[in-house]
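The structure appears below as structure tokens.
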Protein chains: 4
Amino acid sequence: MADSSRAAPGGARTAGPRRATKAPRTKPAEVRRAELMAAAERLFLSQGVEATTVAQITRAAGVAKGSFYLQFTTRDELLSALRRRFLDDYLEELDAVVGEVPEDHHAARLAVWTAVTLSVFLDGAAQRGLLFAAPGDYAAPTPASPGGGNGAVERLTALLEAGARAGTWRLPAARATAVFLFHGLLGLLDDRAGVDREALEEAAMALVERLVLASD
Amino acid sequence: MADSSRAAPGGARTAGPRRATKAPRTKPAEVRRAELMAAAERLFLSQGVEATTVAQITRAAGVAKGSFYLQFTTRDELLSALRRRFLDDYLEELDAVVGEVPEDHHAARLAVWTAVTLSVFLDGAAQRGLLFAAPGDYAAPTPASPGGGNGAVERLTALLEAGARAGTWRLPAARATAVFLFHGLLGLLDDRAGVDREALEEAAMALVERLVLASD
Amino acid sequence: MADSSRAAPGGARTAGPRRATKAPRTKPAEVRRAELMAAAERLFLSQGVEATTVAQITRAAGVAKGSFYLQFTTRDELLSALRRRFLDDYLEELDAVVGEVPEDHHAARLAVWTAVTLSVFLDGAAQRGLLFAAPGDYAAPTPASPGGGNGAVERLTALLEAGARAGTWRLPAARATAVFLFHGLLGLLDDRAGVDREALEEAAMALVERLVLASD
Amino acid sequence: MADSSRAAPGGARTAGPRRATKAPRTKPAEVRRAELMAAAERLFLSQGVEATTVAQITRAAGVAKGSFYLQFTTRDELLSALRRRFLDDYLEELDAVVGEVPEDHHAARLAVWTAVTLSVFLDGAAQRGLLFAAPGDYAAPTPASPGGGNGAVERLTALLEAGARAGTWRLPAARATAVFLFHGLLGLLDDRAGVDREALEEAAMALVERLVLASD
DNA sequence: TATGAATGAGTTTTCATTCAT
DNA sequence: AATGAATGAAAACTCATTCAT
């Protein structure tokens, strides 16, 4: 602030005792960014998003506070980046795996959609709560916010409609079913107290089948 | 902090000449507490929990900042109180309304459970996101956090099990079904973009029936 | 920031060993404000405006940092307040003292204007540089910023015009003369190296007379 | 840091095949310094000194941040350099132009001094406020700060004294008059609201004459 | 010489909580 | 019980300066 009373910063290493090999202090932006995101993810998980400060993140990442702002303009931007990355990965996997199933195997596609969703949110369980805390975060893109929605429900809706058209199942409201199904699944994940993965997957699959394939 | 039904302290009223008409500055703790909670609820709804300060709450409630701490030891305590109250009201209504249906009318009980849940969360839609933001907030009481759980899933589980025992429906995993159903329902609420209440209730009911009454 | 990880502040006195008499920790806003302004003025004087931090000001005023923001919404607001107060005082004195001289004693009015200006800026010498650092701070109110100007030049211009109309002096451009005179005076103040007050006033007066009463 | 006229280092140019056309990355220190100063001047003008960061300056100059510190040890040093350069140019022109007037034409010398000062500060108007913001920046070198002073007042003082000795005018206090005159002039520049250059110069000249040549 | 990633002290501002009246 | 001035511990973000490459 002052013209002439600015402190003279100093070097100061982070830690590391020797640096025998290389360990360049200066890393590619990509790497730094990834390290910060990883550190943040860990902290968000253990303390919650709100309780985590930029200082903690940089400390955990082993960089100075200022370095954070070399990668993100804002604490919030990090959050968005985390969200986006998680979603992108999820949707990418969804598309890849579902894409391998022949288009007219609707039931199989549904099973695969469910399995992938379950597995992604199981592994990234934490992200789920961390990144989609606000109600509406899973919501469909509305005219008001066309960027909304997360893609998963949209894909599922399309899948359900295709199956309905083909007569694989009968569904009065594909979109509502998709939403119900998606959230039901996530709820299951939230709730899994002492339930092992196997059992969880089995139960989930059964419920999905009941819901979609119900003869009624 | 005190009980609840305490007469408005007006010792000086009978004798003292001034302040004949004005409302008593000293209100029963219960009333103050309720006023603060109401103010907080309003603010949380319009601005979000994080963005609402104690100062704003007391201003809105028309009391001094210090008075807040006469009713709540902490800002967080207010949040808990709000949560607890919402849940208690919900569960109370659930018990009351479901209780009116004969014990052996399982399908009717399920329908009523659904209708009440839907209606409560529709009206208190906002609270939902405000008060149950963290993952696990709906979860069952675990050994780790025995205070967890919200009772709704537990009641639904019991209801589903009773119906299964009676043969009204067949369910391999009552608890999982209850969880799935509950979250699916909430998801539907989150997602309702331009859907009117009627349609929402109808769709929800249909889905619940499909899930539970599925012939399989 | 976090919902539940806020630090619990503590009391902590400022200093004062005993507090035998009264010294209420809680002072009227007016007083606190004045104390902060006084402290700021002192610091601005010795270190410059830019180099002075809010922390320094509150420390000097013997209050906690937060107390600053009870009186000023912003560091800049303090600056404005300081400016405004200085100007108001100056103009008030100008009006009061000049007002005592009969309206048609133009030369006397000019002398009084000069004396007051000199004395005010001598005593508040520092403010001058502190508060009117930006070029244009003394400027006339323009159509663009009608609030601009400091009033002193305007008053002087009117005074000079009156004298010209009365034939006390002849002036081709009253406004320009006023501006020139005002800044010349301030320059003198800036420059006074080892010159005592008496001498300064005498020299200033002589110059003003030369400039305005020049027979030419 | 080096001299100034150094051939563009192009040792590799004759042999190496690449970079045949592009400008040399390595420029003489003088040039770099000048480019940085130019960029800084531009930014200071448009945003203010305080608001301009080293990063902005280097970006505008098309060099890396680190290169700044190859030319200036400090941000403040750049400011000094800018100040010094402006003053040097001004004084140089003053000496050159005034020097062309015969030594005994005191009135003419004064007129020329005024014209040059006016013109320099009119063109470099902005620098004025940017570089001489602090009070005392125009002041005479004092025993306390012997580096102070800007030379202009000193030259004017000498000029006025010479004229007084020659009887061209009578001045009780040459130094005070010089200071008054100099600041009066600058004030005029500051104040010029909608006044064109011509009119400004005319008014200034008239005031200077009144002040110095006053019959009194 | 040139680079720009990295540093970290320092700044303003916010706000839960306390406590003297 | 009620008040609201006072507190001070953070938090987010900036930026002059350094230094390994």
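Chain A is the first sequence line, chain B the second, and so forth, proteins listed ahead of strands; every chain is numbered from 1.
- Ranking E/dT13, E/dT18, F/dT18 by closeness to the D/Y69 side chain, first place goes to F/dT18.
- Distance, A/Q71 CD to F/dC13 P: 15 Å, rounded to whole Å.
- Atom CZ of B/F72 and atom C1' of E/dT18 are 18 Å apart (whole Å).
- F/dA1 makes up no base pair with any nucleotide shown, lacking Watson-Crick or G-U wobble contacts both under 3.5 Å.
- Atom CD of D/E77 is separated from atom P of F/dT17 by 10 Å (rounded to the nearest Å).
- If you measure from atom CG of D/L70 to atom P of F/dT17, you get 14 Å, rounded to the nearest angstrom.
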- In sequence, state the C-alpha distance, the side-chain angles, and the governing distance for C/R32 and C/E35, and then conclude on salt bridge (charged side-chain N to carboxylate O under 4.0 Å, His left out). CA-CA 5 Å; C/R32 265 287 130 80; C/E35 287 175 353; 3.5 Å; yes
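- For D/T74 and F/dT17, the shortest distance from a side-chain N or O to OP1 or OP2 is below 4.0 Å.
- For E/dT13, the OP1/OP2 oxygens have no side-chain nitrogen or oxygen of C/R75 closer than 4.0 Å.
- The CD-C1' distance, from B/E35 to F/dA1, rounds to 14 Å in whole Å.
- Applying the 4.0 Å criterion to OP1 and OP2 of E/dA6, one finds that A/R32 has a side-chain N or O inside that range.
- Looking at the side chain of B/S67, the nearest of the listed nucleotides F/dA2, F/dT7, E/dT17 is F/dA2.
- Between D/V63 and C/A55, the residue anchored closer to the 5' end of DNA chain E is D/V63, taking for each the nucleotide with the nearest heavy atom.
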Contacts under 3.5 angstrom, residues 59-72 of chain C side chains, donor-acceptor by atom type, not counting sequence neighbours:
none

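- Atom CZ of B/R59 is separated from atom P of F/dG4 by 12 Å (rounded to the nearest Å).
- Pair assignment for F/dA12 gives E/dT11, based on Watson-Crick or G-U wobble hydrogen-bonding distances that are each under 3.5 Å.
- Per the geometry, CZ belonging to B/F68 stands 16 Å off P belonging to F/dA1, to the nearest Å.
- With C/T52 as the partner, the side-chain hydrogen bond (donor to acceptor under 3.5 Å, both in side chains) test is satisfied by one option alone out of C/R75, C/Q47, C/E41: C/Q47.
- Here E/dA6 is the nucleotide among F/dC15, E/dT3, E/dA6 with the atom lying nearest to any side-chain atom of A/T26.
- Look at CD on C/Q56: it is 11 Å from C1' on E/dG10, rounded to the nearest Å.
- Note that CZ of D/R42 and CD1 of D/I57 are 11.0 Å apart. Values are rounded to the nearest 0.5 Å.
- Residue whose closest nucleotide on DNA chain F sits further toward the 5' end, between C/G66 and A/D76: C/G66.
- Nearest-nucleotide assignment on DNA chain F puts the 5′-proximal partner with B/G62, out of A/T73 and B/G62.
- Of all non-hydrogen atoms in B/T74 and B/D76, the two that sit nearest each other are CG2-N, 2.8 Å.
- Interface remark: the C/K65 side chain does form a donor-acceptor pair with the E/dT13 base, using a distance-only criterion of under 3.5 Å.
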